[in-house]
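Comments concern the structure below.
The chains referred to below are lettered A, B, ... by the order of the sequence lines, with proteins before strands, and numbering in each begins at 1. In this text, all values refer to a predicted model and were calculated from it rather than measured experimentally.
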Amino acid sequence: MDKTEFTVRDILAGRAPGDAPVTVKGWVRTRRDSKAGISFVHLSDGSSFHPVQVVAPNTLPNYADEVLKLTAGCAIAATGTIVPSPAKGQPFEMQASAIKVIGWVEDPDSYPIQPKPHTLEFLREVAHLRPRTNVIGAATRVRHTLAKAIHRFFDENGFFWVNTPIITSSDAEGAGALFRVSTLDLANLPRTPEGKIDFAQDFFGREAFLTVSGQLNVEAYCLALSKVYTFGPTFRAENSNTSRHLAEFWMIEPEIAFADLSDDATLAENLLKYAFATLLNERQDDLAFFDERIEKGLVAKLSGIVGSEFVRMDYGEAVAVLERATETFEFPVKWGIDLQSEHERYLTEKYAKKPVIVMNYPKDIKAFYMRVNDDGKTVAAMDVLAPGIGEIVGGSQREERLAVLDSRMTERGIDKEHYAWYRDLRRYGTVPHAGFGLGFERTLAYVTGLANVRDAIPFPRTPGHARY
RNA sequence: UCCCCGGUAGCUCAGCGGUAGAGCAGCCGGCUGUUAACCGGCUGGUCGGCGGUUCGAAUCCGUCCCGGGGAGCCA
């Protein structure tokens, strides 16, 4: 991009010179013609929510042959002078002196992306073209800024980003079904003398899978660098068909040493508030769009969260609240049950009307690595529940006592040999530590008001869907 | 995987036993410093597939496919 080229964002912000011709490149959103002898072409390059208005006079040499044939989706380079717009709708516009068509739309009649609202369901079926829409473009920019805000928060607080492996052999974390990674010839599998598949001949000499969580690995780095986090893709081969599940999704997993569950909850709350505040500050146009078209009151909702405390309650208190509720639940509430979606929704949407942190769950419904509390009945686990989306954070203080960890593994029938390296962390300089997983797409859905995580990731993977 | 709802023009939908419709998009024309403009005209369909009921099926029945919502699992 040479010095005379500017983005739509720069032009609308007044950062392009007004005394010399500049060029902007992008894709046509709409074209309106005036018989007074000009056409108005709205041009988007994705750099900002709003397009730039290019005013094309009929004195352009290619006006009749090309400008009047521009339709939604055509790629052009427009050159001209940036002037304050005489009409309402935009602060600046371009008086074009040249419009060069770079790419036509073949068969405009059937081009799927039109200057009108489409259903999100339809847009998922044209996943390669949907970034050209307002809603997916805005979601993409918010996703970027959210990711940057999360990294910045950790950086400013002394955390190190640890890239835990995508391919693992940890297969019993209780976090769902796994995708197998193998280079064996499926049509001609090697067998052991007992007739089982001989994974010793596979690429890694053992069974391998795509990771469902970087937690166990990041714990190892936590017990050396004190404050660490992962931010990367994770994979679950669950046959989940809901608006909140993806087979491939991104997760943020901080892990802090010399810390307990309360520290963990505070970290989660601070992270979310920081991220939301950043979006309110840096993505105003996009959030205004989501507020207007996707979820009324979105900006006020986020501002409210930034400025208030999350509600914290013990699992026992949560059960008591649910038992007192006048609402009738499909699943009856009593101490010991895992909270159902309807229960979580009640707590966060009706009872607190903001994010709720539920802490100290019964140990029998939680994973083996969560620290057993002094009561012997509960573990130091916490979930952050958000209105409309449910669980966005799941975390715990980890069991740092080797004897307790071993007995928990025995209870669950987990092979200690397989977790020898994880047990080592408790043998050599063990300390209390805690962490959580934050679902990136669920968080993005929450901050945009988008009801389905499939619209919060560029190319969603769900059961039966990996076409694009 | 289970339970519901839906599939009609490129898109959004109406029609729900009797000759396939509207809005938007596209094309043509009119008007206009316009703002996902406005006015007129035109083009555009195996009514998801297959089978059945009926004189006659987009409409009723069966089945399969596809999409969505909810549940479970979880982030």
Hey, can you pull the donor-acceptor pairs under 3.5 Å for the side chains in residues 460-468 of chain A, sequence neighbours left out?
unit_1    : atom_1 : unit_2    : atom_2 : d
Arg461(A) : NH1    : Tyr468(A) : O      : 3.0
Arg461(A) : NH2    : Tyr468(A) : O      : 2.6
Tyr468(A) : OH     : Glu125(A) : O      : 2.6

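- Minimum heavy-atom separation, His42(A) to Gln90(A): NE2-OE1, 4.5 Å.
- Contacts classified as ring pair (Phe, Tyr, Trp, His ring centres under 6.0 Å) and involving residues 57-111 of chain A (residues at least two apart or in different chains) are not found.
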Is there a ring-ring contact (aromatic ring centres under 6.0 Å, His included) between Phe329(A) and Tyr346(A) once you walk through the steps?
CA-CA 10 Å; Phe329(A) 297 112; Tyr346(A) 178 85; 5.7 Å; yes
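- A heavy atom lying under 4.0 Å from RNA chain B marks the following residues of residues 61-90 of chain A, by number: Thr71(A), Ser85(A), Pro86(A), Ala87(A), Lys88(A), Gln90(A).
- One atom, CD of Glu330(A), and another, C1' of A71(B), lie 7 Å apart when rounded to the nearest Å.
- Out of G33(B), U32(B), G72(B), the shortest distance to the side chain of Lys35(A) is found at U32(B).
- Side-chain proximity of Ser240(A) to U34(B), A75(B), G72(B): nearest is G72(B).
- We find that OH of Tyr361(A) is positioned 12 Å from P of C74(B), with the value rounded to whole Å.
- For the segment residues 243-252 of chain A, residues with any heavy atom less than 4.0 angstrom from an atom of RNA chain B are, sorted by number, Ser243(A), Arg244(A), His245(A), Leu246(A), Phe249(A), Met251(A).
- With sequence neighbours left out, Lys354(A) forms a side-chain hydrogen bond (donor to acceptor under 3.5 Å, both in side chains) with no residue at all.
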N/O contacts under 3.5 Å, protein versus nucleotides 4-14 of chain B?
unit_1 : atom_1 : unit_2    : atom_2 : d
G10(B) : N2     : Gln114(A) : OE1    : 2.7
G10(B) : N2     : Gln114(A) : NE2    : 2.8
G10(B) : N3     : Gln114(A) : NE2    : 2.9
C11(B) : O2     : Lys116(A) : NZ     : 2.5
U12(B) : OP1    : Thr119(A) : OG1    : 2.8

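- Using Watson-Crick or G-U wobble geometry with both donor-acceptor distances under 3.5 Å, U32(B) finds no partner in any strand shown.
- Here salt bridge (Lys or Arg N to Asp or Glu O under 4.0 Å) pairs that include residues 128-138 of chain A, with residues two or more places apart or in two chains, are Arg130(A)-Asp455(A).
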Pull out every protein N or O sitting under 3.5 Å from an N or O of nucleotides 37-42 of chain B, one pair per line with the distance.
unit_1 : atom_1 : unit_2   : atom_2 : d
A37(B) : OP2    : Arg32(A) : NH1    : 2.4

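- For Lys377(A) and Tyr361(A), the positive end is not near the middle of the six-membered ring at less than 6.0 Å and at most 45° from its axis.
- Every residue two or more places apart in sequence or in another chain that forms a side-chain contact (heavy atoms from CB on, under 4.5 Å) with Ala456(A) is listed here: Glu441(A), Leu444(A).
- The listed nucleotides are A75(B), A71(B), U32(B); the one nearest the side chain of Ser34(A) is U32(B).
- Relative to the side chain of Ser341(A), the nucleotides C74(B), G33(B), G68(B) differ in distance, and C74(B) lies closest.
- Of all the residues in residues 449-468 of chain A, Asn452(A), Arg454(A), His465(A) reach under 4.0 Å from RNA chain B with at least one non-hydrogen atom.
- Listed nucleotides G26(B), C74(B), A71(B) differ in distance to Arg442(A); the shortest reach to its side chain belongs to C74(B).
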If you look only at distance, which donor and acceptor atoms sit under 3.5 Å apart when one is on a side chain in residues 272-280 of chain A and the other is two or more places apart or in another chain?
unit_1    : atom_1 : unit_2    : atom_2 : d
Lys273(A) : NZ     : Glu269(A) : OE2    : 2.8
Lys273(A) : NZ     : Ser308(A) : O      : 2.8
Tyr274(A) : OH     : Glu156(A) : OE1    : 3.2
Tyr274(A) : OH     : Glu156(A) : OE2    : 3.3
Thr278(A) : OG1    : Tyr274(A) : O      : 2.8

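- In this structure, CG of Asn239(A) is placed 15 Å from P of C74(B), rounded to the nearest angstrom.
- For RNA chain B, the neighbouring residues in residues 289-298 of chain A, judged by any heavy atom under 4.0 Å, are Arg293(A).
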